[in-house]
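Contents: one structure, followed by commentary.
Just so it is clear, the structure is predicted and the values come from calculations on it, not from any experiment. The sequence lines fix the lettering, A, B, ..., with proteins before strands; numbering per chain opens at 1.
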Number of protein chains: 2
Amino acid sequence: MTTRVLLVDDQPLLRTGFRMILSAEPDLAVVGEAGDGASAVELARRLKPDVVLMDIRMPGMDGIQATRALAGPGVEEPIKVLMLTTFGLDEYVVESLRAGASGFLLKDAPAEDLVEAIRIVAAGEALLAPSVTRRLLDRVASRLPRATDDTIPALAELTDREMEVLKLLARGLSNAEIAEKLVVSETTVKTHVSRVLAKLDIRDRVQAVILAYETGLV
Amino acid sequence: MTTRVLLVDDQPLLRTGFRMILSAEPDLAVVGEAGDGASAVELARRLKPDVVLMDIRMPGMDGIQATRALAGPGVEEPIKVLMLTTFGLDEYVVESLRAGASGFLLKDAPAEDLVEAIRIVAAGEALLAPSVTRRLLDRVASRLPRATDDTIPALAELTDREMEVLKLLARGLSNAEIAEKLVVSETTVKTHVSRVLAKLDIRDRVQAVILAYETGLV
DNA sequence: TGTCGCCTCCACTCTTTGGTCGAGCCGTCC
DNA sequence: GGACGGCTCGACCAAAGAGTGGAGGCGACA
């Protein structure tokens, strides 16, 4: 009785990585892949996998909508969904869980944690990444946040220029203002911003600002 | 930098078991033991351990009360507490988390999970047993609020509804998402946002987010 | 030398946002 | 009753933001 997994991420490279990790586990089998929410829903309904590994940020229908369609309230044959994203942004977490996700992992999790998480979710239990758990508990307990010196790996992936743009962005500057300050064209700034959003797995500059504050970048 | 652990359980045999498990880990050290809540609090305040391994059911002051004393809201130097119990009884879980616990494990957890949990909690993160997580998620689906406000004069000019919109906006929600959450049309949200921006004399929602963070609204 | 990553830029979409004017509904206060 | 403020909504418009698919220059590195 192998656990059948459906991979959903818009980056084929990432799917390949996951597939390789999972192929090393005799009890796990990747039965399909999807690059966007719509085809994920379609595939999941057809293949009926035990667990869907779902990215949040995707073109078209995003992971949360797809999760809602597969595991949300009112779904007759809910399929277990394990969310995967770069950050544990509060809004994403809450929305994902509300959408019916059975777990929430960060993409920088070690491989063994990932496979273990899949087994846990397949078994009908649930699991959150420690940093996500902490934030959730902070809400429940409404306790003051402790001074944590979190290092966010994905932030390190940003190039110098991208980081520079992010900092200016987080101060409330528009693309045009950033362009003026860096003495480049607005087009260039837009390119940087787009890449920053993609790398950080977030939707728009507003969430970038929030991230900058949450991670202590500002 | 070893992690200093305080064991709290009314059964000496169990404490011995834990001590043996932890002694196999070079980075963990048991610095004390207690058999009831009162002495646990006293010991913890004196020894200032990195993590307290706390049983729930104990004679006299129970583990939840002790946790509240050590990590609850209003405590100046909170000590991290990892709850340990035989069952994941719902009331216990919620009360424990509300009391400030950083984690919740079942006593039948394998040794490696336990030591890993201690490391996670020591690092300032949090962790719940999968079965506990499952139940918690089931109820989380229906709560949100917190945060108190008005110390900034301009913020006081905002109406209740505008403040509500501002808070959601500051969490990264789009107009459409805010509309959905408040069960109004997107047009209405846009009206509110416009008025908020005008009253606060700022240009766009990005600056609103910044203001929310700077003023401690978030 | 060739490849690669980073930075730069343009053109072209499409969506979102912000602003404006107008409108109706429902309370409270006078 | 009438005035007023708050909340709601629609239509329309201009601007900004975001995504895509290119492109060239440049330095690093094998």
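Protein chain B contacts DNA chain C from C/dT17 to C/dG19, reading 5' to 3' and using non-hydrogen atoms of the protein with a distance under 4.0 Å.
Ion pairing of B/E177 with B/R171 is absent here, as no side-chain N (NZ or NE/NH1/NH2) approaches a carboxylate O to less than 4.0 Å. Using a cutoff of 4.0 Å between basic side-chain nitrogens and carboxylate oxygens, B/R161 and B/E164 are scored as salt-bridged.
Ranked by how close their nearest DNA chain D nucleotide is to the 5' end, B/E162 and A/S194 are led by B/E162. Residue B/H192 is the one, among B/H192 and A/V193, whose nearest nucleotide of DNA chain D lies closer to the 5' end (criterion: closest heavy atom).
Rounded to a whole Å, the CG atom of A/D10 is 12 Å from the C1' atom of D/dG19. Distance, A/R161 CZ to D/dC26 P: 16 Å, rounded to whole Å. Rounded to a whole Å, the CG atom of A/D36 is 16 Å from the P atom of D/dG19. Between the CZ atom of A/R203 and the P atom of D/dA16 there is a distance of 21 Å, given to the nearest Å. Across the protein-nucleic acid pair, A/K190 atom NZ and D/dG19 atom C1' stand 9 Å apart, rounded to whole Å. One atom, NZ of A/K199, and another, P of D/dG19, lie 14 Å apart when rounded to the nearest Å. At whole-Å resolution of the value, CE in A/M58 and C1' in D/dT20 are 19 Å apart. At whole-Å resolution of the value, CG in A/L200 and P in D/dG19 are 12 Å apart.
B/S194 and B/T191 are not linked by any side-chain donor-acceptor pair at a separation below 3.5 angstrom, with hydrogens and angles left out of the test. Donor-acceptor pairing under 3.5 Å is lacking for the side chains of A/T3 and A/D50.
Residue-level contact check: A/S174 touches the backbone only, with heavy atoms under 4.0 Å from sugar-phosphate atoms and none from bases. At a threshold of 4.0 angstrom between heavy atoms, the contacts of A/S185 are confined to the sugar-phosphate backbone, with no base atom among them.
Distances shown here put a side-chain N or O of B/T159 below 4.0 Å from the OP1 or OP2 atom of D/dC7.
Counting only heavy atoms from C-beta on, A/N175 has its side chain closest to D/dG17 among D/dG17, D/dT8, D/dC7.
For the side-chain contact (heavy atoms from CB on, under 4.5 Å) with B/V209, the qualifying choice from B/L166, B/I202, B/L169 is B/L169, the only one to do so.
When side chains are defined from C-beta on, A/P49 does not count as touching A/V5, because their heavy atoms never get closer than 4.5 Å.
For A/E214 against B/Y213, the heavy-atom pair with the smallest separation is OE2-OH, 2.7 Å.
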